[in-house]
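One structure is given here, and the rest of the page talks about it.
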Amino acid sequence: MTEKVVLAYSGGLDTSVAIPYLAEQLDAEVIAVAIDVGQGGEDMAEIKARALGCGAVAAEVIDAREEFAAEYCFPAVYANALYMDRYPLVSALSRPLIVKHLVAAAEKHGATIVSHGCTGKGNDQVRFEAGLAALAPHLKIVAPARDFAWTRDKAIAFAEEKQLPIDVTKKSPYSIDQNLWGRAVETGFLEDIWNGPIEDIYSYSDNPAEPRDADEVIITFMSGKPVALDGVKKSAFDLIHELNERAGAQGIGRIDMVEDRLVGIKSREVYESPAGITLIAAHMELENVTIEREQARFKRHVDQRWGELVYDGLWFSPLKDSLEAFIEDTQAHVTGEVRLTLHAGKATVTGRRSETSLYDFDLATYDEGDAFDQSNARGFVELWSLPSKLAAARNERAKIEGK
Ligand code: ARG
């Protein structure tokens, strides 16, 4: 019986050409699986038709937009996930979801091989394959770009030779990955890290330097989860989608950085994540108001590790599960509203209110009649500084005795 390969299919040149190429190389039948994670662009029906036109025996398109928003983007909000303090994990979040659907498709079609278009230099190969190792270790993996040194030039020549129904002239100088959570752009002139990004490469956000009126938005959270914009309840996808439009119109969420890839390379990437940056700013501030100090301090470390694990392809891993148990516990009282001004590339928090707030006006006020008993402070400061005082005295003695 011929073997079956499930291919993670984007509809683009590389994965389209991979269909007949894989069929030939592996003497197998190819099932193309395209997953809608809110990347926009082409119609999913067209993508499906192209896969079949390139010789796939079956093609599936899966609308995973709500699933991606609720089960992948929102957990990144709970963890305030910013890799290297800046990157909101756009691509890293979508890979485990894609893996899940590839595994389901492999099961459904009785496939024994899974294929993806990643190269051997990036993080995404790791994310796909570490995910597959955790969910379906019995599946074989083939990555033509990496394993058969399959290049873009070869792909174009092959497409012409086989007369595939794809436009080989549609060639972008950039490598772009985009989804509901944002957009990642690399290669081309950006590989010289002194070159500044040009306006052309952005698509989710307008130029923050252009003059325009500010926008104001109120985001409602329930136990950490964003549930409404300006008091109007929204689904996870709609909320992120609408916030992308509004924050993007103000030029929010642009990030230009050099990052540490898992494979050891430093690479330059330009990101846009208008909703991501806005939601994380709002969520962090509501945490500041509702989470107890020690829990909050500890959570910063947990958040950072969560982001690193997800960046490093360990979405399906025991440590991530454990960290999430902690994170979930901390979100119990993260309920309330945050008001932000969106303007000139910045999402600035201007107000917060919460029934579960730990902010006590009577304790904090410098006005008459506050409830804070300042006479307690004297003894507290004395004991708090005692260890430093003892150490300083010891150091002074040692100096005198020449030790
Ligand atoms: N550097 C990002 C990451 O590892 C994005 C990878 C995909 N980027 C791209 N432009 N194709 O998560």
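These numbers come from a predicted model, not from an experiment. All ligand and atom numbering here is 1-based and tracks the order in the structure.
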*Which of parallel (below 30°), tilted (30 to 60°) and perpendicular (above 60°) describes Y72 and F68?*
parallel

Note: M257, heavy atoms under 4.0 Å from ligand 1, region reported as neither

So the atoms of ligand 1 within less than 4.0 Å of a heavy atom of N123 turn out to be 3 (C), 4 (O)

CD1 (I252) and CD (E272) are apart, to the nearest 0.5 Å, by 12.5 Å

closest protein heavy atom to atom 11 (N) of ligand 1 is S175 OG, 2.9 Å

For R127, the ligand 1 atoms with a heavy-atom partner under 4.0 Å come out as 3 (C), 4 (O), 12 (O)

In terms of its nearest heavy atom to atom 2 (C) of ligand 1, the top option of Y83, Y271, Y311 is Y271

Contact region, T187 to ligand 1, non-hydrogen atoms below 4.0 Å, reads neither

Does an N or O anywhere in Y87 fall below 3.5 Å from an N or O of ligand 1?
-> yes

Is the ring pair H116/F128 parallel, tilted or perpendicular, if the boundaries are 30 and 60 degrees?
parallel

Are the ring centres of Y78 and W306 closer than 6.0 Å? no

Between the NZ atom in K154 and the CZ atom in R152, the distance rounded to the nearest 0.5 Å is 14.5 Å

Can R95 and D177 be counted as an ion pair, charged N to O under 4.0 angstrom? yes

Counting heavy atoms under 4.0 Å, the part of E269 that contacts ligand 1 is side chain

Checking the N or O distance criterion of under 3.5 Å, is ligand 1 in contact with R95? no

Where do E3 and K140 land on the salt bridge (charged side-chain N to carboxylate O under 4.0 Å, His left out) test, with the steps shown first? CA-CA 11 Å; E3 273 199 295; K140 282 176 277 181; 2.8 Å; yes

With heavy atoms and a 4.0 Å threshold, my read on which part of Y174 contacts ligand 1 is neither

- prompt: Taking NZ, NE, NH1 and NH2 as the nitrogens, is one of them in R127 or D312 under 4.0 Å from a carboxylate oxygen of the other?
  reply: no

Looking at Y202, I'd like to know if the NZ or CZ of R183 sits under 6.0 Å from its six-membered ring centre while staying within 45 degrees of the ring's axis. no

For E259, the ligand 1 atoms with a heavy-atom partner under 4.0 Å come out as 1 (N), 2 (C), 3 (C), 4 (O)

Short version for R261: what comes under 4.0 Å of ligand 1, heavy atoms counted, is neither

One finds that the ligand 1 atoms under 4.0 Å from a non-hydrogen atom of D124 are 6 (C), 7 (C)

